[in-house]
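Down below is the structure, laid out as structure tokens.
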Amino acid sequence: MTQEAHEHPPYFLICGALAVLTIIEVYLPGLVEMWELSYFVNFWGLTFLAVVKATLVALFFMHLWFEKIRLKLFIMTPVVGTLLLLLALLVDALGITPF
Amino acid sequence: MSQTTTAKAGSSQDFGANRNKLGMWFFLCADAMMFAGLFGGYFMVRLANGEAWPIAQHYLNIPLTAVFTFDLIISSVTMVKAYESADTPDGEPIGVLPGLTVSNAPWVLRTFLGLTVLFGAAFIGFQYYEWSHFINYGLLPWDFHYEELTHIYHGLELGTLSGAQKAAFPLFFGCFYALTGFHGFHVTCGVIYNSVILINDCRGKYESDDEAAESIETAGLYWHFVDLVWILLFTFIYLV
């Protein structure tokens, strides 16, 4: 047993959830087109599904759920950094001049 | 596998993680920012081209990619089960399939680790097939053969393409090669990394259960990160 022993969550159940979410992701663009929904429904729906899947992998496969809060906060650094980078690029791409 | 455990010196208590694990997390945070830069560049190029951007579903094989996305997810499961096996004393029950439990033994860990390597290698094979498919048709950003696009998407009428749309195709494939290539390089390194761990375990190089579990946990973090990046890549390149 390791010094920082983890509980082991139900990995097969999480795998099943990831499989179902992947299937929904694959069919969502087709459904959006069929029901003539807005492109933004497609974009935000797929983004939401991707974020949920990534969170499941990070929390349970990478065992972040069981880690100390300090490590969790440390790992949030690239997440915040990525969002700031994308926000800065988006402002540039859309030609928004806040100042 | 040896039943004895030894105390590990130098564990960092501040983050509740040993040095190897913390070092891997440092690396993954830096790697995540590299991917963030690539994704940011992709979003910029895509936004700049607006409606002229090609519809990915017309040119990329979504069903096949979905199958290999699932392949990578399964490889993450086998990797984490390998860690669970290393973390469980020999003789204790461990689930190997839904509803199937066996007594933990060295073969369980090696089987799961071997499957992880196999699934990873299969993904590399898929990536090779996808790239060679496009390269054989001359769909390279610096030498783009537009007439070959009709072989991939039969509904395309080349004569109706605007100048902006023609300009967007090399950019689309350039982004595709950059992102999937960088990710594929990570997968290749991960397959080699996991293979080395498997070989070390088969040779009995790990002196204790702790040492084996620590190595597999650290390698597992890298492998799950690769899977996580692919989840985002599949969504934003192939589906959106």
Side-chain angles (χ1 to χ4, degrees), chain A residues 1-6 8-16 18-19 21-23 25-26 28-30 33 39 42-43 46-47 49-51 53-58 60-63 66-79 81-86 88-90 92-94, chain B residues 5 7-8 11 14-18 21-22 25-26 28-33 35-37 39-41 43-44 47-48 57 62-63 66 69-70 73-74 76-77 79-81 83-84 86-89 95 97-98 209-210 213-214 217 220-221 223-225 227-228 231-232 234-236 239-240:
Chain A
M1 197 73 68
T2 57
Q3 282 191 329
E4 308 88 23
H6 292 138
H8 291 283
Y11 297 122
F12 293 123
L13 196 64
I14 294 159
C15 176
L18 289 170
L21 290 171
T22 304
I23 291 167
E25 262 192 330
V26 170
L28 185 64
E33 199 180 329
Y39 171 78
N42 186 39
F43 176 78
L46 287 170
T47 303
L49 289 169
V51 167
K53 286 169 68 179
T55 307
L56 284 174
V57 170
F60 298 109
F61 287 171
M62 298 174 92
H63 293 116
F66 307 103
E67 299 292 354
K68 283 190 175 179
I69 189 70
R70 279 184 190 181
L71 187 62
K72 290 179 193 178
L73 286 173
F74 166 70
I75 285 148
M76 286 305 292
T77 314
V79 176
T82 302
L83 290 173
L84 285 174
L85 172 69
L86 292 177
L89 290 172
L90 200 64
D92 189 27
L94 295 175
Chain B
T5 58
K8 293 296 292 180
S11 296
D14 290 345
F15 290 96
N18 57 56
K21 194 159 100 173
L22 199 57
W25 274 117
F26 267 110
L28 293 180
C29 289
D31 215 19
M33 289 309 298
F35 275 104
F39 272 106
F43 289 135
M44 285 287 281
L47 277 173
Q57 288 89 343
I62 306 298
T69 300
F70 191 60
I73 290 170
I74 293 289
S76 262
V77 177
M79 188 76 206
V80 82
K81 291 301 284 184
Y83 168 60
E84 186 184 354
D87 203 31
T88 304
L97 282 171
D209 292 350
D210 270 0
E214 196 178 292
E217 187 183 20
L221 286 175
W223 192 251
H224 300 312
F225 172 77
D227 183 25
L228 195 152
I231 285 168
L232 299 173
F234 178 53
T235 302
F236 291 111
L239 298 176
V240 169

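Residue numbers begin at 1 in each chain, while the letters A, B, ... track the order of the sequences. Computed from a predicted structure; not experimentally measured.
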Checklist line | Residue pair V26(A) / A66(B): nearest heavy atoms and the distance that separates them | finding: CG2-CB, 3.7 Å

Checklist line | Heavy-atom contact with chain B under 4.5 Å, split by part of L46(A) | finding: both

Note to self: At a 4.5 Å cut-off on heavy atoms, which part of T77(A) comes close to chain B: side chain, backbone, both, or neither?
What the structure shows: neither

Margin query: Rounded to the nearest 0.5 Å, what separates atom NE2 in H8(A) from atom OG1 in T88(B)?
Written below: 5.0 Å

Next item on the list: List the steps and the verdict of side chain to side chain contact (heavy atoms under 4.5 Å, CB included) for T22(A) and I231(B).
Entry: CA-CA 9 Å; T22(A) 304; I231(B) 285 168; over 6 Å; no

Margin query: If you define the side chain from C-beta out and look only at heavy atoms, does anything of H63(A) sit under 4.5 Å from K21(B)?
Written below: no

Notebook entry, point to check: Can you find a heavy atom in the side chain of F43(B) that is under 4.5 Å from one in the side chain of L90(A)?
Noted result: no

Margin query: I'd like to verify something: which residue of M44(B), K81(B), Q57(B) has the highest number of heavy-atom pairs under 4.5 Å with chain A?
Written below: M44(B)

Margin query: Just so I understand: if I count every heavy-atom pair under 4.5 Å between each of L28(B), L239(B), I62(B) and chain A, which residue has the most?
Written below: L239(B)

Margin query: If I compare all heavy atoms of G40(B) with all of L86(A), which pair ends up nearest, and what's the gap?
Written below: CA-CD2, 3.6 Å

Note to self: Quick one, T47(A) and F236(B) - any side-chain contact, counting heavy atoms below 4.5 Å?
What the structure shows: yes

Check: Of all heavy-atom pairs between T235(B) and A50(A), which one has the smallest distance, and what is that distance?
Finding: OG1-CB, 3.4 Å

Item checked: Proximal component of A58(A), with respect to chain B [non-hydrogen, under 4.5 Å] -> both

Notebook entry, point to check: Which heavy atom in G95(B) sits nearest to a heavy atom in F12(A), and how many Å separate them?
Noted result: O-CE1, 4.1 Å

Notebook entry, point to check: Relative to chain B, which segment of L89(A) carries a heavy atom at a distance below 4.5 Å: side chain, backbone, both, or neither?
Noted result: both

Checklist line | Minimum heavy-atom distance A54(A)-L228(B), with the two atoms named | finding: O-CD1, 3.6 Å

Next item on the list: Start with the C-alpha distance between Y39(A) and V240(B), add both sets of side-chain angles, then the distance that settles side chain to side chain contact (heavy atoms under 4.5 Å, CB included), and finish with yes or no.
Entry: CA-CA 9 Å; Y39(A) 171 78; V240(B) 169; 3.3 Å; yes

Note to self: Between C29(B) and F74(A), is there a side-chain heavy-atom distance shorter than 4.5 Å?
What the structure shows: yes

Note to self: Can you tell me which of F26(B), W223(B), F234(B) forms the most heavy-atom pairs within a distance under 4.5 Å of chain A?
What the structure shows: F26(B)

Next item on the list: With rounding to the nearest 0.5 Å, note down the distance linking CD1 in I74(B) to SG in C15(A).
Entry: 4.0 Å

